[in-house]
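Notes follow the structure.
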Protein chains: 2
Amino acid sequence: MADDTTAIDWTPKARQILAAANELFYSRGIHAVGVDAIAERAGVTKKTLYDRFGSKERLVVAYLVGRDQAWRSFLADRLTEAGGDPATRLAAVFAASAAWTAEHSRKGCSMINAHAEISDPSHPAYPVIVGQKQWMLDLFATIAADADAADPAATGRSLMLLHEGALVAAGMGVIPDAYALAGRDAHDLLAGRPPVSA
Amino acid sequence: MADDTTAIDWTPKARQILAAANELFYSRGIHAVGVDAIAERAGVTKKTLYDRFGSKERLVVAYLVGRDQAWRSFLADRLTEAGGDPATRLAAVFAASAAWTAEHSRKGCSMINAHAEISDPSHPAYPVIVGQKQWMLDLFATIAADADAADPAATGRSLMLLHEGALVAAGMGVIPDAYALAGRDAHDLLAGRPPVSA
DNA sequence: CGGTGAATAAACAGATCTGTATAGTTATCG
DNA sequence: CGATAACTATACAGATCTGTTTATTCACCG
């Protein structure tokens, strides 16, 4: 009887369920995958799934929170490796996205994809989705500020556009090496061009 | 008995059904909307829906083809208005996207959203989705070529990144005036910066 | 005036979906 | 050793979903 507020009990089986949900929700879509399929892939009874997560909706939220956390920690590692230089840090973001896509995200950004399926802004997954984008936007603005951009917020938004564009283009396979291209453009934008001011 | 190849008989009711499908599929998602809901919104019997479209899958394809055609014709009108100057044409593309979003596309790009839900590349809607992106990419490359870019294909891809990024950012509401910003960046990229070459 | 096609109305089939109930198993732990 | 928690197995309830069937109405058209 896990309601919206109670935390999830992370038993080993719960982790297996989340791993199965991650694979299926991501590759086939949230609405297209039923809880039976997830339980079967996890090698678990449907009752166990409901004992751990309470509802499909809560499992969906856990799926998105899990991906969000994994991405943030993945990126954080690469950023500490990158050191303090803003240009290097910026390059690390695009390189991290490229590596992440190759490993875990071949069908595009899971947050963008989830946003396509979850229309109701009052859905508990909504803040997770928008929160990740906001976090990335803040990161780009910080990098722009560290690079002494005249208008760090505006430059951060421009960098964000390039990054989101690469996410989509890579996810649909319409631009080869989308991250490399976007990374070069972002670098040029941060370093060379007179700032875009309103 | 309409199979995959036979054309759709565009009776008045068929157009009502497509209009209803357009509203519901776009706002709630393809998998989340049932044919009963579409028939009801269209003021039509489910039998009529199946007599006209044969299956939900064919209705989905018609929905995406319809949006694709509407967008292309909408954009084509603005491009003829814009005349021959590449920079003006480029600005017209981003202005058209902004206007289109305000009128018909408040929840992001329908092709990107459909791609999130349709995982199977052999789905008949797949070429429609990727086809629109390819067409936009060609358009940007043509504009870059008309502007005498050193590498029109590469510049076209960069412009595409900015445009796709604006689609996502606007659809998720994370960047205000995303199209205006992306349009300025695209203009600067086309006009000012030394070309990015591999 | 008779036929044809488009449509309504409404029930139904069969599958699938979320979620629950019941009963039993296993392992740990005080 | 007995309680508790995690889990299996399985059946079920009720809703919803795609798609079909049957019967009927209505308008147009040769």
Side-chain angles (χ1 to χ4, degrees), chain A residues 1-4 6-21 23-25 27-64 114 117-120 123-125, chain B residues 1-25 27-64 114 117-120 123-125:
Chain A
M1 86 175 47
D3 58 282
D4 263 36
T6 54
I8 288 160
D9 199 11
W10 289 108
T11 64
K13 296 287 183 187
R15 291 179 200 280
Q16 288 179 32
I17 292 164
L18 186 66
E23 291 172 38
L24 294 178
F25 281 154
S27 63
R28 297 188 206 166
I30 291 169
H31 281 123
V33 172
V35 289
D36 297 84
I38 294 169
E40 192 191 348
R41 151 95 49 144
V44 146
T45 304
K46 200 163 50 159
K47 178 162 194 310
T48 301
L49 188 153
Y50 275 94
D51 282 348
R52 293 300 125 236
F53 293 92
S55 70
K56 180 181 179 178
E57 186 176 81
R58 296 234 308 154
L59 179 56
V60 169
V61 174
Y63 151 67
L64 290 171
E117 293 204 70
I118 297 170
S119 51
D120 183 9
H123 191 288
Chain B
M1 207 164 288
D3 57 285
D4 263 37
T5 57
T6 54
I8 287 161
D9 198 10
W10 289 108
T11 63
K13 295 288 182 185
R15 290 179 199 281
Q16 287 180 32
I17 292 165
L18 186 66
N22 185 34
E23 291 172 39
L24 295 177
F25 281 154
S27 63
R28 298 188 207 166
I30 291 169
H31 281 122
V33 172
V35 290
D36 297 84
I38 294 170
E40 192 190 349
R41 151 96 50 143
V44 144
T45 305
K46 201 164 48 159
K47 179 164 194 310
T48 301
L49 189 153
Y50 275 95
D51 282 348
R52 292 300 125 238
F53 294 92
S55 70
K56 182 182 178 179
E57 184 176 82
R58 296 234 310 156
L59 179 57
V60 169
V61 174
Y63 152 66
L64 291 171
E117 293 204 72
I118 296 171
S119 52
D120 183 9
H123 191 288

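Residue numbering restarts at 1 for every chain, and letters A, B, ... go by the order of the sequence lines.
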Using whole Å, what does the distance between atom [atom2] of nucleotide [N] and atom [atom1] of [X] come to?
| X | N | atom1 | atom2 | answer |
| --- | --- | --- | --- | --- |
| B/Ile17 | C/dA7 | CD1 | C1' | 10 Å |
| A/Gln16 | D/dT8 | CD | P | 8 Å |
| A/Leu59 | C/dT18 | CG | P | 10 Å |
| A/Phe53 | D/dA6 | CZ | P | 13 Å |
| B/Leu49 | C/dA9 | CG | C1' | 16 Å |
| A/Trp10 | D/dA5 | CH2 | C1' | 18 Å |

To the closest 0.5 Å, what do you measure between [atom1] ([X]) and [atom2] ([Y])?
| X | Y | atom1 | atom2 | result |
| --- | --- | --- | --- | --- |
| B/Arg15 | B/Arg52 | CZ | CZ | 12.0 Å |
| A/Ile30 | A/Leu24 | CD1 | CG | 12.0 Å |
| B/Leu18 | B/Glu23 | CG | CD | 10.5 Å |
| A/Ile118 | A/His123 | CD1 | NE2 | 4.5 Å |
| A/Leu64 | A/Phe25 | CG | CZ | 9.0 Å |

**Study point:** Nucleotide of C/dA9, D/dA9, D/dC7 approaching A/Thr45 most closely (side-chain heavy atoms)
**Key:** D/dA9
Point to revise | A/Asp51 side chain near A/Lys47 side chain, heavy-atom distance below 4.5 Å | key: yes
Check your understanding: When you check the phosphate oxygens OP1 and OP2 of D/dA5, does a side-chain N or O of A/Thr11 lie under 4.0 Å from one of them?
Key -> no
Please write out each protein N/O paired with an N/O of nucleotides 15-21 of chain D under 3.5 Å, distance rounded to 0.1 Å.
unit_1	atom_1	unit_2	atom_2	d
D/dT18	OP1	B/Lys56	NZ	2.7
D/dT18	OP2	B/Val35	N	2.7
D/dG19	OP2	B/Tyr50	OH	3.1
D/dG19	OP2	B/Lys56	N	2.9
D/dG19	N7	B/Lys46	NZ	3.2
D/dG19	O6	B/Lys46	NZ	2.3

